[in-house]
Amino acid sequence: MTLAEDAIAWYDANARDLPWRQPDTTPWGVLVSEVMLQQTPVVRVEPAWHAWMTRWPTPAALAADPPSEAIRMWGRLGYPRRAMRLHACAVAMVERHGGDVPSDLDQLLALPGVGTYTGRAVATFAYGQRHPVVDTNVRRVVSRAVEGKPDAGPATTAADLAAMEELLPASPAVAARASIAFMELGAIVCTARSPRCPSCPFEKVCAWRLDGSPPLEGPSRKRQTYAGTDRQVRGLLLEVLRHATGPVPQQRLDLVWTDEVQRARALSGLVEDGLVEPFGTASFVLAGDSFEVQTL
DNA sequence: GAAACGTGGAC
DNA sequence: TGTCCAAGTTT
């Protein structure tokens, strides 16, 4: 048995029943799920995906609404630029591809918000093509099982794709199955913390396991703390704008953060990013919001 | 290639 | 309680 075959057998018996994996899911549904899942856990994506697909069953439906509605619908999934790019992506698909999600990898990669992972994921899972699909789960599984390292180092796209290519069966359909199986394995068994090795189909062949599961050595790279960052301030500002039923006066936004310099920087950042627009002289709205001018 | 970019749950 | 982590992309 190859690693891919083991993984597929395990997947067939243990895969989660996720809505975007249903056979009747459209390529658009797959694309939406992939974008929502970028850095966001499955449990938070599921309800958001259902709501999104109900409101906008096609790219054309989303493209017909302003980006502000996409940003609102995104809610608290995080990284709201993804909502904006998904909207831009829908507009681009209407313009370039007649409202269809393209099946060609290069055309996918040319869309806003679609990078190396997402493009290959859609080409593979929505269209059944044969491409290595490498996300953080796959990188960790390959790193441990094949290379014997406790965890994947920094992403090296070309090398990561080549490593996964080595493990991929020849048949496109089976290769797609292998990719989703590796991802699922990394998500629920070969996890970053406390991997469930006794439940792993690779337990007897995993290079890391055979080496005694050595821990990661050296100090872990420091992560940026969230509290007090511009990101937090942007989040607070956007939260107010999402709930707005009209233009939000500057004075209202001033309440979310006391540091004026940082507050101004965060707001101008949101405007530069295209998430927020000035409205009149001293108010702001989500990009694309068109409120009636208030009359006294 | 590093840094920026949200949010919430688990340990 | 604070750190770590979650199907990445863009600049």
State whether the distance check finds a donor on one side and an acceptor on the other, under 3.5 Å, for side chain A/R44 versus base B/dT7.
yes

Scan A/R76 against the nucleic acid and name what it touches under 4.0 Å (heavy atoms): base, sugar-phosphate only, or nothing.
sugar-phosphate

Do NZ/NE/NH1/NH2 and the carboxylate oxygens of A/R16 and A/E46 come within less than 4.0 Å?
no

Nearest-angstrom distance from the residue atom OH of A/Y79 to C1' of C/dT10
12 Å

Look at all strands and tell whether A/R85 reaches a base, only sugar-phosphate, or nothing, counting heavy atoms closer than 4.0 Å.
sugar-phosphate

If you look at every strand shown and take non-hydrogen atoms under 4.0 Å, does A/W74 touch a base, only sugar-phosphate, or nothing?
nothing

Just by distance, do the side chain of A/R120 and the backbone of A/V134 share a donor-acceptor pair under 3.5 Å?
no

Would you kindly check whether a donor in the side chain of A/T40 faces an acceptor in the base of B/dG6, or vice versa, at under 3.5 angstrom?
yes

Want to settle it: does A/T156 or A/L270 sit nearer the 5' end of DNA chain B, counting the closest nucleotide to each?
A/T156

Heavy atoms under 4.0 Å, any strand shown: does A/A187 hit a base, just sugar-phosphate, or nothing?
sugar-phosphate

Indicate, with a heavy-atom threshold strictly under 4.0 Å, whether A/G78 touches base, sugar-phosphate, or nothing.
base

Closest approach to the side chain of A/Y117, judged atom by atom: which nucleotide of C/dT9, B/dA10, C/dA6 is it?
C/dT9

May I ask you to say what A/T118 touches in the nucleic acid, namely base, sugar-phosphate or nothing, with a heavy-atom cut-off under 4.0 Å?
sugar-phosphate

Are A/V142 and A/F202 connected in a single hydrophobic cluster, I mean Ile/Leu/Val/Met/Phe/Trp/Tyr linked by side-chain heavy atoms less than 4.5 Å apart?
yes

By the 4.0 Å heavy-atom rule, please label A/A192 as base, sugar-phosphate, or nothing.
sugar-phosphate

Distance between the P atoms of C/dA7 and B/dA3, in whole angstroms?
23 Å

Applying a 4.0 Å non-hydrogen cut-off, can you work out what A/R139 is touching in the nucleic acid: base, sugar-phosphate, or nothing?
nothing

Sugar-phosphate only, base, or nothing, as touched by A/T229 at under 4.0 Å among non-hydrogen atoms:
nothing

Any side-chain donor near an acceptor of the partner, A/E184 and A/N14, under 3.5 Å:
no

Judged by each residue's nearest nucleotide on DNA chain B, which is more toward the 5′ side, A/A155 or A/L236?
A/A155

Sugar-phosphate, base or nothing in reach of A/R16, heavy atoms under 4.0 Å
base

Which part of the nucleic acid does A/L77 contact within heavy-atom distance under 4.0 Å: base, sugar-phosphate only, or nothing?
base

Over all strands shown, is A/L18 touching base, sugar-phosphate only, or nothing at heavy-atom distances under 4.0 angstrom?
base

Please measure how far the P atom in B/dG8 lies from the corresponding atom in C/dT9, and state the result in whole Å.
23 Å

Taking the side chain as C-beta and beyond, is there a heavy-atom pair between A/L31 and A/C89 under 4.5 Å?
yes

Rounded interatomic separation in angstrom, taking CG from A/D160 and C1' from C/dA7:
14 Å

SB check A/D273 A/R234 (cutoff 4.0 Å)
yes

Just checking A/P154: base, sugar-phosphate only, or nothing, at a heavy-atom cut-off of under 4.0 Å?
nothing

Sugar-phosphate, base or nothing in reach of A/V43, heavy atoms under 4.0 Å:
nothing

What is the distance, rounded to the nearest whole Å, between atom CD of A/E239 and atom P of B/dG8?
8 Å

